[in-house]
Amino acid sequence: MEGFQLGYKIFFLFAILLITLLVAMYATWAERKVAAFMQDRRGPNRAGPLGLLQPLADGLKMLMKEEIIPNTAQRALFIMGPAIAMTTALLTGVVIPWGGTFTVGSQSFSLQVADLDIGILFVFAMVSIGVYGIMLGGWASNNKYALLGSIRAASQMISYELAMGLSIIALVLVTNTLSLREIVEQQSGWHWNILYQPLGFVIFLICAFAETNRAPFDLPECETELIGGFHTEYSSMKLGFYLFAEYINMFISSAVIVTLYFGGYQMPLLQDSGLSPNLITLLGSAFFFLKIFLVIFFFMWVRWTLPRFRYDQLMNIGWKGLVPLAILNILITGSVVFFSDYFK
Amino acid sequence: MTFLFYLLAAVAILTAMMVVLSRNPVGSVIHLVLCFLAIAGHFILLNAQFLAVVHIIVYTGAILVLFLFVIMLLNLNPTNEPRKTPLTRFIALIAGGLLFLVLIASLRGAMEIRAANPFNHEIGLVRDLGKVLFKDFLVPFEISSVLFISAMVGAVLLGKRDPLTKN
């Protein structure tokens with residue numbers, strides 16, 4: 001039976017990989033549609049109905065383009081850059097609980113690859129390694145715009161990681177656990193963490209924008225100043241990997257946001273509806289993805305609404321705005337938790 | 001498990017050697033990253049998940065990124081490397097050789113150390129680690145945090161420009 005479960009885990013791992021890639025693929029399509037909607041255009045509508053085959057056409061175009069590695073580039077690192085970006089983006093999906101548990105006969109199938117004791121910290125570790133992909137790629141290009149882009153990326157990500165970590169600490173004070181599955185289980189009914197941690201949620205959300213290099217924090221690629229930033233010298237599928245990794249990051253960070261603050265696969269009234277457990281699991285996963293898509297839509301909404309920050313504004317918001325706010329949030333949360341235990 | 005241990009140990013030693021041997025400073029940093037990841041793997045084998053992840057976050061994710069940052073900005077290349085005369089090379093060889101001799105000598109007299117307490121598999125998990133840190137070792141823990149704060153204040157002071165010599 002051990003081997004059977006192992007086989008299931010491997011199968012599930014590939015399923016998650018494929019779903020992540022599929023969602024990221026259609027996120028590029030959705031981004032263009034949302035942008036078109038906001039700017040009163042039609043968006044892609046030639047390839048297939050509603051332009052649904054557009055991502056495939058884009059992928060094919062990327063693959064067919066000429067592959068150029070500049071003569072002055074550090075060859076090995078130049079190739080490693082996009083690979084690291086892609087790998088770290090995909091690795092986080094391992095700890096996210098995508099749903100409850102299916103029970104078939106005496107076997108139970110958990111819709112999570114690994115329920116780590118330290119789930120949140122694992123997510124955080126992958127985010128902090130992700131910066132290497134951008135930094136190495138930018139440096140190895142041997143181009144001043146690429147170098148500037150990668151330096152901006154590194155300083156931005158380190159600055160915002162700090163506030164992100166502090167907002168997670170406040171969340172952990174409330175939940176008393178670092179395991180993502182337990183955090184989701186605690187949020188059944190209306191006990192979503194956003195109601196207990198509104199300030200922490202806002203801080204986490206802003207940091208998630210900064211960590212995924214999305215507008216208004218897309219300074220590392222900033223076309224108007226850095227003509228593409230860290231990926232200026234990249235072409236063909238290596239550029240494709242960088243752009244695609246950004247969409248994967250957006251999907252995964254939406255999943256993390258939903259898991260931490262919006263109840264994950266829990267839905268109010270679903271537990272008491274009297275449906276069979278397997279059906280509830282299935283519906284829960286469907287609701288999970290629905291919530292993720294709403295958060296992804298929010299990401300796109302912000303991108304096409306707000307202008308980009310200036311570099312000094314970015315640093316001021318990070319260090320003088322978010323970090324003190326996050327510390328204040330920890331103080332408030334800590335004292336509330338302490339005194340509610342004390343007077344009980 | 002034993003196979004994993006030997007694999008990780010080999011990776012750790014090999015990459016640690018490459019850190020020293022690599023001619024390219026960025027290459028050194030990347031090998032150091034790999035070495036730290038292998039050590040994090042060792043922590044996981046000991047069921048110390050928290051330590052492993054914190055090791056990755058702090059060392060790989062923060063400190064080495066700053067290393068890389070500085071090295072990228074310094075733009076080191078062989079032309080502006082300080083010249084080593086034969087004399088300095090000879091002195092370095094002797095000093096290194098003596099250090100090696102001391103290490104070998106200390107290993108000769110070493111004996112197998114047995115753990116005073118039986119190994120507790122749960123000790124590396126966050127809940128137990130937190131309890132040990134904040135109950136049994138609270139004072140040393142707080143003292144080390146004071147040390148960190150003084151180091152931070154020192155760094156800020158060094159980084160700050162002196163108002164008198166501003167011009």
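Below, read A as the first sequence line, B as the second, and so on, with proteins coming before strands; counting in each chain starts at 1. Computation of the quantities below employed the complete heavy-atom set of this structure, encompassing side-chain atoms and omitting hydrogens, waters and symmetry-equivalent molecules.
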Please identify, among A/L147, A/L136, A/I129, the residue contributing the most non-hydrogen atom pairs under 4.5 Å to chain B.
A/L136
Should the heavy atoms of other residues, nucleotides or ligands under 6.0 Å from CE of A/M315 be counted, would the total exceed 12?
yes
B/F36 atom CZ, over 12 foreign heavy atoms within 6.0 Å:
yes
Taking every heavy atom of A/S155 against every heavy atom of B/F69, the minimum-distance pair comes out as N-CE1, 4.0 Å
If you measure from CD1 on A/I118 to CD1 on B/I57, what distance do you get to the nearest 0.5 Å?
8.0 Å
To the nearest 0.5 Å, how far apart are CG in A/L178 and CZ in B/R127?
8.5 Å
CG of A/N71: more than 12 outside heavy atoms within 6.0 angstrom?
no
Using non-hydrogen atoms and a 4.5 Å limit, figure out which bit of A/M80 sits close to chain B: side chain, backbone, both or neither.
side chain
Heavy-atom count check: over 12 atoms from other residues, nucleotides or ligands less than 6.0 Å from B/F67 CZ?
no
Atom group of B/V26 that falls short of 4.5 Å from chain A, counting heavy atoms:
side chain
Atom OH of A/Y311: over 12 foreign heavy atoms under 6.0 Å
yes
Among B/L64, B/L37, B/V29, the residue with the most heavy-atom pairs under 4.5 Å to chain A is B/L64
How far does CD1 of A/I158 sit from CG of B/L66, to the nearest 0.5 angstrom?
4.5 Å
Under 3.5 Å: donor-acceptor pair, side chain of A/Y132, backbone of B/I30:
no
